[in-house]
Amino acid sequence: MCGRYLVEINEEELREIVTAAEKSVIGHSGRFSFTSSNGEVFPGSSAPVITGNNEVRFMTWGFPGHNRPPHINARSETAAASRTFGEAMAERRCIIPASGYFEWRALDKKNKAKYKITLSSGKAMYMAGIHSADGRFAILTRAAAGAVTEIHDRMPVIIPKSLIGAWLRESPDAIMEALTDLRFALLQTSDKQKPEQISLFK
């Protein structure tokens, strides 16, 4: 799953995307238009999203549910057939740009370790998403692969840059080519005695 992610504007591509989204907000004068803490995006925040007609706009993270709290993630394997996500999968696919995302691994019943997960290339990642007609989005997830399986059994669907157009405007099948070459770093742990340092690796 993906419960929090990062948008760092020191990366040129992401800075351009954030700037484009800010320009779409009439009367905005600040550097950031979305709720963030050092670029960290939380559920319920507004964040830059790329839509099917190549517009960059701010949307709220949390897809409306049927008599349920908002969904921040949607399972890619079942979304197309879902009552909640099916229409959006067919008509309102989007891309959520990020520097990386965060995941937590349970150490025991009380303690967890927080990891930052990025592309091994160090470049911006483009997560597949869907959005509602009223400007809310969810991130698609898939079974974890590679190093991520050490931390969690799910991960975002990350679209290769070359297939962004195909995902947005042609076919949901572009998610079958999702990137899985990721690396992660231990950021912090709530345990008094830290686990073995994992550092960066594939």
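Qualifying ring-ring contact (aromatic ring centres under 6.0 Å, His included) partners for Y126, counting only residues two or more places apart in sequence or in other chains: none. Every residue two or more places apart in sequence or in another chain that forms a side-chain contact (heavy atoms from CB on, under 4.5 Å) with A20 is listed here: V56. Residues passing the side-chain contact (heavy atoms from CB on, under 4.5 Å) test with E16 are E12, sequence neighbours excluded. For S132, the side-chain hydrogen bond (donor to acceptor under 3.5 Å, both in side chains) test picks out D134, with sequence neighbours left out. Residues meeting the salt bridge (charged side-chain N to carboxylate O under 4.0 Å, His left out) test with K123, sequence neighbours left out: none. Partners of R92 by salt bridge (charged side-chain N to carboxylate O under 4.0 Å, His left out), not counting sequence neighbours, listed by chain and number: E87. Under the side-chain contact (heavy atoms from CB on, under 4.5 Å) criterion, D173 pairs with S171, sequence neighbours left out. Qualifying salt bridge (charged side-chain N to carboxylate O under 4.0 Å, His left out) partners for E55, counting only residues two or more places apart in sequence or in other chains: none. Scored by the side-chain contact (heavy atoms from CB on, under 4.5 Å) test, T149 finds A144 as partners (sequence neighbours excluded).
Of the possible polar contacts, one joining the S120 side chain to the D181 backbone as a donor-acceptor pair under 3.5 Å is found. At least one donor-acceptor pair under 3.5 Å links the side chain of S99 to the backbone N or O of E8.
Of the inter-residue distances, the one linking I17 atom CD1 with I96 atom CD1 reads 11.5 Å to the nearest 0.5 angstrom. The distance from atom OG1 of T118 to atom CG of L6, rounded to the nearest 0.5 Å, is 10.0 Å. M89 contributes atom CE, which lies 10.0 Å from atom OG of S82 (distance to the nearest 0.5 angstrom). One distance of note links CD1 of I95 with CE of M127; it measures 9.5 Å at 0.5 Å rounding. Put simply, CH2 on W104 and CG on L187 are 9.0 Å apart, with the number rounded to the nearest 0.5 Å. Taking CH2 from W61 and OG from S46, the interatomic distance works out to 12.5 Å, rounded to the nearest 0.5 Å.
When all heavy atoms of P97 and L14 are compared, the closest pair comes out as CB-CD2, 3.7 Å. For the residue pair L119 and R183, the shortest heavy atom distance occurs at O-NE, 3.6 Å. A pairwise comparison of heavy atoms in Y5 and A47 identifies OH-CB, 3.2 Å as the closest pair.
Pairs engaging residues 72-91 under the ring-ring contact (aromatic ring centres under 6.0 Å, His included) rule: F63-F85, H71-F85 [sequence neighbours left out]. For residues 65-85, the set of pairs meeting the salt bridge (Lys or Arg N to Asp or Glu O under 4.0 Å) definition, not counting sequence neighbours, comprises E77-R154.
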Output side-chain donor-acceptor pairs under 3.5 Å for residues 155-168, partner residues at least two apart or in another chain, one line each.
unit_1: K161; atom_1: NZ; unit_2: E13; atom_2: OE1; d: 3.4
unit_1: K161; atom_1: NZ; unit_2: E13; atom_2: OE2; d: 3.0
unit_1: W167; atom_1: NE1; unit_2: C94; atom_2: O; d: 2.8

